[in-house]
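Note sheet for the following structure.
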Amino acid sequence: MIIVCKNTASQEKINALIKELEDKSLQVHCSIGTLSTILGVVGDTSKLDIEALEANEIAEKVQRVSEPYKLANRKFHTEDTIVDVNGTKIGGGFFGVMAGPCSIESEEQIIGCAKSVKAAGANFLRGGAFKPRTSPYAFRGLKERGLELLLLAKKETGLPIVTELMSLEHLDLFNDVDVIQIGARNMQNFEMLAELGHCNKPILLKRGLANTIEEWLMSAEYIMSGGNENVILCERGIRTFETATRNTFDISAAPLIHQLTHLPIIMDPSHATGKSSLIKPLAKSAVVAGANGLMIEVHPNPEKALCDGAQSVTPEAFADIMNDVKTLCHFEHKII
């Protein structure tokens, strides 16, 4: 349920209404906007009398929310959430570009890549230390050593870092990681999501291989219900009957997500298609569709990459992509 308070309502009366609702064992999330204050009421609201609430002198509108996700719902929070990562922002009018190799392979590789993507305009460095692979025989990352190298690249360039958490057993190793990525395979690892709700770091939540948007938002709800509202959604393609690309890039996710939730969304054309030749046109499409950012795999020598070389672009190709992205962001009034 949401209660939209009149813009003339005093904070004292708003607090009194919040206490009245909390005394009924309900959780109340207060969202203060420029024009009004919205109270999101979570819990068993079936016993609340809407007419009595509407009669409250500070209530402008009272509405039940039918969608199962409440905290992620735009009805609860009408203004866009802006996730601030040590001064680098994503959401609203702020555009984030996360670039780097699929997997960290060596000190030379990750530092060189970090410097090149920063020079091209990326404002986050992504890189995999722990890698989920379909085959147990494939390269599965340098693990702890990979994190050490990623942190070294952060020190060299100042870029905030994004890397994937695969197990809660590794959470303590991520103390200096700026954004924790939850991959497609763990999108419905509810125990992990609930624990990350108590984490004070931004969470990048990738959409599952065959999950609906509602299921995706319910996973975000798990994180937010624990108190962590810094969630960034990432569309990375879904599995369909089409085999010409690795996955099917759901470009409609960007505008639809903005209708349904206040959370920012970035798009990953690398994983979506598995083809480096398609990354530039799809990156441009994502900007126009309303994405708040991009995640692009960059490798100094894709042909020799230990992981996903076919979907990685060279630093030179990434710089070319960024030239077009910056131009489009300028037209779309986005800050990169």
Side-chain angles (χ1 to χ4, degrees), residues 1-83 91 168 182 186-203 205 207-208 211-233 256-265:
M1 177 180 288
I2 60 171
I3 302 170
V4 181
C5 299
K6 295 177 181 176
N7 55 17
T8 56
S10 68
Q11 191 60 49
E12 181 181 1
K13 291 183 178 179
I14 291 173
N15 291 340
L17 179 56
I18 291 173
K19 186 178 186 307
E20 178 184 334
L21 294 166
E22 289 179 338
D23 287 344
K24 296 179 180 179
S25 300
L26 298 168
Q27 295 180 20
V28 182
H29 298 264
C30 184
S31 175
I32 301 175
T34 54
L35 299 177
S36 62
T37 297
I38 296 176
L39 304 182
V41 186
V42 180
D44 183 7
T45 61
S46 61
K47 298 179 181 179
L48 288 180
D49 186 340
I50 286 186
E51 291 185 357
L53 287 171
E54 288 175 333
N56 190 302
E57 62 177 321
I58 69 169
E60 180 76 33
K61 181 174 68 173
V62 181
Q63 180 181 351
R64 292 196 185 276
V65 177
S66 59
E67 296 87 356
Y69 50 93
K70 309 300 181 184
L71 303 178
N73 201 312
R74 185 170 284 280
K75 293 174 183 175
F76 269 48
H77 193 294
T78 56
E79 296 184 3
D80 291 341
T81 285
I82 298 174
V83 177
L168 288 175
I182 299 303
N186 274 318
M187 192 208 82
Q188 290 187 304
N189 184 338
F190 299 124
E191 183 178 351
M192 176 183 284
L193 299 177
E195 184 62 31
L196 292 173
H198 306 300
C199 176
N200 61 357
K201 292 182 182 293
I203 308 299
L205 181 64
R207 184 179 181 182
N211 286 106
T212 65
I213 284 180
E214 182 173 292
E215 289 169 339
W216 189 15
L217 291 177
M218 286 304 293
S219 291
E221 191 82 3
Y222 260 90
I223 299 169
M224 298 178 73
S225 65
N228 186 355
E229 298 183 354
N230 291 310
V231 178
I232 304 166
L233 302 170
L256 184 55
I257 281 293
H258 286 313
Q259 290 180 19
L260 299 175
T261 180
H262 51 90
L263 298 175
I265 176 174

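Between Ile232 and Ile203, the closest side-chain pair of non-hydrogen atoms is not below 4.5 Å. For the pair Thr81/Glu229, no side-chain contact is recorded, criterion being any heavy-atom separation below 4.5 Å from C-beta on. Contact annotation: the side chain of Leu205 approaches that of Ser219 to within less than 4.5 Å [non-hydrogen atoms, C-beta and beyond]. Taking the side chain as every heavy atom from C-beta outward, Leu260 and Tyr69 approach each other to under 4.5 Å. Taking 4.5 Å as the limit, some side-chain heavy atom of Ile213 sits within range of a side-chain heavy atom of Leu256.
Glu215 places a side-chain N or O within donor-acceptor distance of the main-chain N or O of Thr212, the cut-off being under 3.5 Å. No side-chain donor-acceptor contact under 3.5 Å links Trp216 to the backbone of Leu233. With hydrogens and angles ignored, the 3.5 Å screen pairs no side-chain donor or acceptor of Thr45 with any backbone N or O of Leu48. A distance-only check finds no donor-acceptor pair linking the side chain of Asn73 to the backbone of Phe76 [under 3.5 Å]. Judged purely by atom type and a 3.5 angstrom limit, Ser36 has no side-chain atom pairing as donor or acceptor with the backbone of Asn7. Put simply, the side chain of His77 never gets that close to the backbone of Ile38: no donor and acceptor are under 3.5 Å apart.
Heavy atoms only, all atoms of each residue included: Lys201 and Asn228 are closest at O-ND2, 2.9 Å. Nearest heavy-atom pair across Asp49 and Glu51 is OD1-N, 3.0 Å.
Here the straight-line distance linking atom CD1 of Ile265 with atom CZ of Arg207 works out to 8.5 Å at 0.5 Å rounding. Expressed to the nearest 0.5 Å, how far SG of Cys5 lies from NZ of Lys13 amounts to 12.0 Å. The NZ atom of Lys61 sits 5.5 Å away from the CD1 atom of Ile2 when rounded to the nearest 0.5 Å. To the nearest 0.5 Å, atom CD of residue Gln188 and atom CD1 of residue Ile182 are 13.0 Å apart.
Salt-bridge annotation for Lys24 and Asp44: absent, with no side-chain N of the basic residue lying under 4.0 Å from a carboxylate O of the acidic one. Salt bridge absent: Glu57 and Lys6 never bring a charged side-chain N and a carboxylate O closer than 4.0 Å. Between Glu221 and Lys70, no side-chain nitrogen of the basic residue sits less than 4.0 Å from a carboxylate oxygen of the acidic one, so the salt-bridge criterion is not met.
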* Output, in order, the C-alpha distance, side-chain angles, deciding distance and verdict of side-chain contact (heavy atoms from CB on, under 4.5 Å) for Leu39 and His29. => CA-CA 6 Å; Leu39 304 182; His29 298 264; over 6 Å; no

Please determine whether salt bridge (Lys or Arg N to Asp or Glu O under 4.0 Å) holds for the pair Lys75 and Glu67, giving the CA-CA distance in whole Å, both sets of side-chain angles, and the decisive distance to 0.1 Å.
CA-CA 10 Å; Lys75 293 174 183 175; Glu67 296 87 356; 3.3 Å; yes

Please walk me through it: do Ile3 and Asn56 pass side-chain contact (heavy atoms from CB on, under 4.5 Å)?
CA-CA 10 Å; Ile3 302 170; Asn56 190 302; over 6 Å; no

Item to complete: Go through the steps for Arg74 and Asp80 under the test side-chain contact (heavy atoms from CB on, under 4.5 Å), then give the verdict.
Response: CA-CA 8 Å; Arg74 185 170 284 280; Asp80 291 341; 2.6 Å; yes

Can Val83 and Leu263 be said to form a side-chain contact (heavy atoms from CB on, under 4.5 Å), step by step?
-> CA-CA 9 Å; Val83 177; Leu263 298 175; over 6 Å; no

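Applying the side-chain hydrogen bond (donor to acceptor under 3.5 Å, both in side chains) test to Gln11 and every residue at least two apart in sequence or in another chain returns Asn15.
The side chain to side chain contact (heavy atoms under 4.5 Å, CB included) with Ile58 is formed by just one residue from the set Ile14, Thr37, Val4; it is Ile14.
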Could you pull out all donor-acceptor pairs under 3.5 Å where a side-chain atom in residues 191-199 meets a protein atom, sequence neighbours excluded?
none

